There are 2 protein chains.
Amino acid sequence: MIPLLHIDTSAVLPFLKASTFSQWEEKALQALQKLEQGTGKGSDFLGWMHLPSAVQPKLFQQIEDIRRDWERDIELVVVIGIGGSYLGSKAIIEALSHPFGHLLPKKGPQIVFAGQNIEEDYISSLMEAMERASTACVVISKSGTTTEPAIAFRLVKQHLYERYGAEEAKRRIVAITDPEKGALRKMATNQGYRTFSIPHDVGGRYSVFTPVGLLPIALAGIRIEELMQGAAAMEEITAEESPKNPAVQYAVARNALYAEEKKIELLVTYHPGLFFLTEWWKQLFGESEGKEHKGLFPAGVSFTTDLHSMGQYIQDGERHVFETVLTIEKPVGKATIPHTEQDDDGLNYLAGKRIDYCNKMAAFGTRLAHIDGGVPNISLQIPRLTPFYLGALLYFFQKSCGISGYVLGVNPFDQEGVEAYKKNMFALLNKPGFEAQGDLLRKRL
Amino acid sequence: MIPLLHIDTSAVLPFLKASTFSQWEEKALQALQKLEQGTGKGSDFLGWMHLPSAVQPKLFQQIEDIRRDWERDIELVVVIGIGGSYLGSKAIIEALSHPFGHLLPKKGPQIVFAGQNIEEDYISSLMEAMERASTACVVISKSGTTTEPAIAFRLVKQHLYERYGAEEAKRRIVAITDPEKGALRKMATNQGYRTFSIPHDVGGRYSVFTPVGLLPIALAGIRIEELMQGAAAMEEITAEESPKNPAVQYAVARNALYAEEKKIELLVTYHPGLFFLTEWWKQLFGESEGKEHKGLFPAGVSFTTDLHSMGQYIQDGERHVFETVLTIEKPVGKATIPHTEQDDDGLNYLAGKRIDYCNKMAAFGTRLAHIDGGVPNISLQIPRLTPFYLGALLYFFQKSCGISGYVLGVNPFDQEGVEAYKKNMFALLNKPGFEAQGDLLRKRL
């Protein structure tokens, strides 16, 4: 079996000027030092770095208590959150869930997400579904006033109080929020909800190993201890000040390619369950690096599906793309291609082969075809799709993102650009304090 | 109510050199002429242009017959297809389905997709689900030998024959394939399956208005007559040789921006049900234009969700992105923000407002914030999320894509780049006839 994570950047070198690679390595090692010593930009947001190794058994117990309490009678858990308060748990739950689970007998409560949009059809459909199921809610927001989750929580809370009464509603709501301040913390204290804290020094997109990620993941029946053990193992590996450190290698390769005018990084997966892992990765890198008018544009494809949609572009379109390809050494399920008498589809040459074997040959063949077409390739492989290896993978990406942002010269831990739309939205919604700006904006529409 | 589709390209002009716009208009009108007269590249693949106006009531009847036959006893329909044989129907079905339908009492058979990947966990999970449901299958492939759908069909077919016997299995399989030749046509004739034909002159990504799209959409309970009526209305509008033709306007705006070094087009939606419409659009434009080392890179975001992931990059990252924003005038569902006594989340300023109102203000605010940040904006709006308006929208994109590809100077109706990975995959799988190439490739791995 391969180790925790295997990285191969050899298919990047032919696309670089020979002299440059070692310079990027040097920069990445300096960036790693800054991270480890807390001397870089945004160093008040480095709490994520040691979460896996510092986790307390008490946290697992608190989460397990809620899981057991709800397991008795809860059919539907609505997890309310947006951005980093949603994508990490969604990524892990999707990756480890049965893709056709809704067609099988139910095991434990169903986890659904809300407050990640303000779309009326979505929320009214959710309200309809809630009427038919015994419902509980996890609300995740540092402040409690972010518009999308606050609106969803107001509606879900109203439903729970009206249906179950205040005392029982209290048992059905858990809040994950700031340790001391903010609207949601205050509300939770006043109403007596069970709560978890989001550490001050951990930003949204780095929060999957806090209760923000861990509680929803555990409620889905996934072993969070193993997730954290995998992350802790990767924490150790990626602390090493060496060019062999996989987080360093990845940061080197992508920055070197960006300098060669490769402007788009495509995360390629060969497993449909990794769709939301790709979405999580897009937030992690896009929000960390997309500033000061620079940064790789992060995009995702799921192969071989998207070889029949985006494949043409990648093979022959504008040459500004490189691929980071994530594969899994062994599948969980098992399916073999059967032999047929007639061979009317001409597939007997594959009879007896595992489906995964075909998927792997597709991945190898695509790698070579795309390299030949001018698309550099970074390859990542993990051994299995398990909580342990996913924990390691997510930590790997977080660490590499911190390094990579420093190499690029930005602060990978802020996101000031996210405020621009919010200010305009508040103004147009006539939020108290924003009225004057609203009149100016309405004139422009 | 707004007309069929409203397009606004006014927020493109400030990003262009003043002199260039009319040149692009002229080119687009010439391209439209080529399309209408069949004098451009790939003109043997223009069958899609008049599908909506030329559709025969007999086709609707044939589809309805199958829907009624299966409605009696089929719980699960597995639709097998990849690329254009999957994305069109998936896009329409997702857009018009209840997002939490799996939590409500069942109405009609459940539609699931297979053969759009060769991932072992996915297919083995599907086999498990099939064991528990009365299953039927629609298999879609022009040739019948495309690897992904052929593998899935071999497995599903084996299941149906073993479980139901040959005679009953025959009733549970419908093939959509070439009118005369190919492995699947031959198999269907030999076995006696019901079939539909894919016209010779319609390529995969332009096939949603053939039985490829129509049968699965109808099986999901969606009114395909209305879908085709909407498409036919748009067929008429977009035939007009005028700069006001919306398909011309869209082709002009995106080519003009591409010439100004905007290399990425982001399709922005404000409705989570439009995710697969975005995927369909990515195939349509990516596969039509991504050739000869040129073409806009098509990517998608779902707002406001992704304002909390990709929003930072769009606002402040590298300035090579423009947005095409699709909104819907009125939602289907209804949800209003309730008033609360305490106002502990500070949302009472929105009490009594529709959720859709907030979504609209978010869209307006984001439009202005992104324009101010240097992101050009094309706005599209449709009146409602109904089969009629979706039919119009999809036809609009197809027509505009044909025009746009001609303006770019490529053949928008071929996809030779898709073959490169297939050849390598066949070689690595030791497909008869590809063995020599396989040895060469294995040496490179």
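Each chain gets a letter, A, B and so on, in the order the sequences are listed, and its residues count up from 1. Since the structure is predicted, the reported quantities are computational estimates derived from the model, not experimental observations.
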> With a 4.5 angstrom heavy-atom cut-off, which part of B/Lys282 approaches chain A: side chain, backbone, both or neither?
Replying inline: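 Both parts, backbone and side chain.
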
For [X], is it the side chain, the backbone, both or neither that has a heavy atom under 4.5 Å from a heavy atom of chain B?
X        : result
A/Tyr161 : neither
A/Lys353 : neither
A/His370 : neither

Which value, rounded to the nearest 0.5 Å, describes the distance between [X] atom [atom1] and [Y] atom [atom2]?
X        : Y        : atom1 : atom2 : value
A/Phe100 : B/Ile123 : CZ    : CD1   : 8.0 Å
A/Asp316 : B/His293 : CG    : NE2   : 6.0 Å
A/Gln312 : B/Glu419 : CD    : CD    : 9.5 Å
A/Asp345 : B/Ser143 : CG    : OG    : 10.5 Å
B/Ile118 : A/Lys360 : CD1   : NZ    : 10.5 Å

Close side-chain approach of [X] and [Y], heavy atoms under 4.5 Å:
X        : Y        : value
A/Leu441 : B/Phe364 : no
A/Arg154 : B/Asn348 : yes
A/Gln315 : B/Gln415 : no
A/Phe275 : B/Phe275 : yes
B/Thr147 : A/Cys358 : no
A/Met310 : B/Phe297 : yes
B/Asp306 : A/Glu279 : yes
A/Leu368 : B/Leu445 : yes

> Between B/Asp372 and A/Arg444, is there a salt bridge with N-O shorter than 4.0 Å?
Replying inline: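 So A/Arg444 pairs with B/Asp372 through a salt bridge.
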
> Taking 4.0 angstrom as the limit, do A/Asp121 and B/Lys330 come out as a salt bridge?
Replying inline: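 No, no charged N to carboxylate O under 4.0 Å.
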
>> Among B/Lys263, B/Lys294, B/Lys291, exactly one meets side chain to side chain donor-acceptor pair (under 3.5 Å) together with A/Glu318. Which residue is that?
In response: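 With A/Glu318 as partner, B/Lys263, B/Lys294, B/Lys291 yield a single side chain to side chain donor-acceptor pair (under 3.5 Å), made by B/Lys263.
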
>> Heavy-atom pairs under 4.5 Å with chain A - which of B/Arg319, B/His98, B/Gln342 has more of them than the others?
In response: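 When all of B/Arg319, B/His98, B/Gln342 are compared, B/His98 has the most.
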
> Highest number of heavy-atom pairs under 4.5 Å with chain A: which of B/Ala363, B/Pro105, B/Gly101?
Replying inline: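 Highest number of pairs under 4.5 Å: B/Pro105.
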
> Based on non-hydrogen pairs under 4.5 Å, which of A/Ala299, A/Gly144, A/Pro298 is most in contact with chain B?
Replying inline: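 So the answer, after comparing A/Ala299, A/Gly144, A/Pro298, is A/Pro298.
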
>> Which one wins on heavy-atom pair count under 4.5 Å against chain B: A/Asn117, A/Thr304, A/Leu103, A/Thr366?
In response: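 Heavy-atom pairs under 4.5 Å are most numerous for A/Thr304.
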
> Closest heavy-atom contact between B/Ile151 and A/Leu347?
Replying inline: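 Distance-wise, the nearest heavy atoms are N-CD1, 3.6 Å.
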
> Taking all atoms of both residues into account, what is the closest heavy-atom pair of B/Ala129 and A/Leu104, and its distance?
Replying inline: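 The answer is CA-CD2, 4.0 Å.
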
> B/Asp344 and A/Lys157: salt bridge (charged side-chain N to carboxylate O under 4.0 Å, His left out), yes or no, with the steps?
Replying inline: CA-CA 12 Å; B/Asp344 39 15; A/Lys157 190 180 154 188; 3.8 Å; yes

> Hey, mind stepping through B/Met361 and A/Lys431 against side-chain contact (heavy atoms from CB on, under 4.5 Å) and telling me if it holds?
Replying inline: CA-CA 12 Å; B/Met361 293 306 114; A/Lys431 185 172 177 169; over 6 Å; no

